[in-house]
Amino acid sequence: MNLNLKNLPKLGVGIGFREPFKSELFFNQNEVDFLEIVAEHYLDVLPHKEQELELLMAHFPIIPHGINLSIGSAEGIDKDYLQKLARLVNKINPPWWSEHLSFTKAGGIDIGHLSPLPYTPEAVDVVCQNIQQIQRFIDVPFILENITYLLTIPGAKMTEAQFIGEILERCDCGLLLDVTNLYTNSVNHGYDALEFLNQLPLERVVQLHFTGGFWDGDVLIDSHSHTTFSEVWQLMAEVLKRVTPRGMILERDENIPPFADLVAELKQARELLGKIKVRDRASTEL
Ligand SMILES: [Fe+2]
């Protein structure tokens with residue numbers, strides 16, 4: 001499948017669905033343009049999760065977001081897992097779906113964590129082989145998310161931005177740019193986020209993520225537990241000057257506040273995105 005971004009619908013600004021705010025979500029349905037669901041919560045066809053998914057699908061556009069496919073595993077993709085994932089994605093029939101550029105399994109062991117890959121041509125080959133297998137199974141545009149990491153794997157032969165860019169180009173994938181992850185890595189590893197941004201194939205950005213973490217001493221922890229930092233909003237504005245994503249998702253997992261606080265963040269994101277829409281209209285009129 002060729003990724004034709006122009007054919008992807010503009011979904012707007014939404015939230016990663018979490019059960020604790022399910023009823024408030026339906027009371028505030030007009031404030032949420034679309035939902036992202038964690039694919040793993042719906043793979044085992046449990047009756048109450050099936051019903052929940054049907055309900056969500058009846059009221060919102062849904063984007064499945066995988067966590068444990070482990071596309072960086074040298075031993076390849078778990079076929080049973082891939083079949084379950086394909087069944088879910090086909091059932092939802094979304095405009096795109098996403099996973100992380102990382103590995104979570106190695107040597108048959110589940111690490112239970114999104115782990116960074118070495119930035120080497122060999123790792124590019126592994127990831128691309130796995131993605132090509134996935135794309136044969138799931139005929140829906142696939143987008144990859146940049147992760148946070150505290151540990152850097154030694155032996156890099158390219159920068160992280162080059163690594164991401166090469167995989168996106170070779171596998172014809174879109175980018176799920178997690179703006180908070182980019183900011184978090186830039187402060188923890190001491191690099192310039194804008195320089196990193198400018199090295200990415202930004203024309204492949206399909207979706208954004210944003211959320212807040214917390215400081216543990218001088219390390220920023222990617223915990224999805226706080227309001228989005230002002231620095232992340234500033235970086236998001238820089239991203240939106242360069243690209244028009246088809247969707248933006250607030251990811252909040254911990255320390256979930258009153259739903260009105262989440263809606264306030266969605267509004268802030270929508271305002272930023274709206275500025276881009278104005279610019280788009282202006283450029284079309286020229
Ligand atoms: Fe994310």
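When a ligand or atom number is given, it counts from 1 through the structure's own listing order. One is the number of the first residue; the rest follow in order along the sequence.
- Atom ND1 is the N, O or S atom of His209 at the shortest distance from the Fe ion (ligand 1).
- Closest to the Fe ion (ligand 1) among the N, O or S atoms of Glu145 is OE2.
- When each of Asn185, Val187, Val179 is checked for a side chain to side chain contact (heavy atoms under 4.5 Å, CB included) with Tyr183, only Val187 meets the rule.
- The Fe ion (ligand 1) is closest to atom OD2 of Asp178 (considering only N, O or S atoms).
- Look at Lys49 and Glu19 and you find a salt bridge, because one of the NZ, NE, NH1 or NH2 atoms lies within 4.0 Å of a carboxylate O, short of that distance.
- Backbone or side-chain N, O or S atoms of His100 do not reach the Fe ion (ligand 1) at under 2.8 Å.
- Using a 4.0 Å cut-off between charged side-chain N and carboxylate O, Arg18 and Glu254 make no salt bridge.
- Side-chain atoms of His209 and Glu36 include a donor-acceptor pair closer than 3.5 Å.
- Contact check on Lys267 versus Glu271 returns no salt bridge, with no Lys/Arg side-chain nitrogen under 4.0 Å from an Asp/Glu carboxylate oxygen.
- For Glu251, the N/O/S atom at the shortest distance from the Fe ion (ligand 1) is named OE1.
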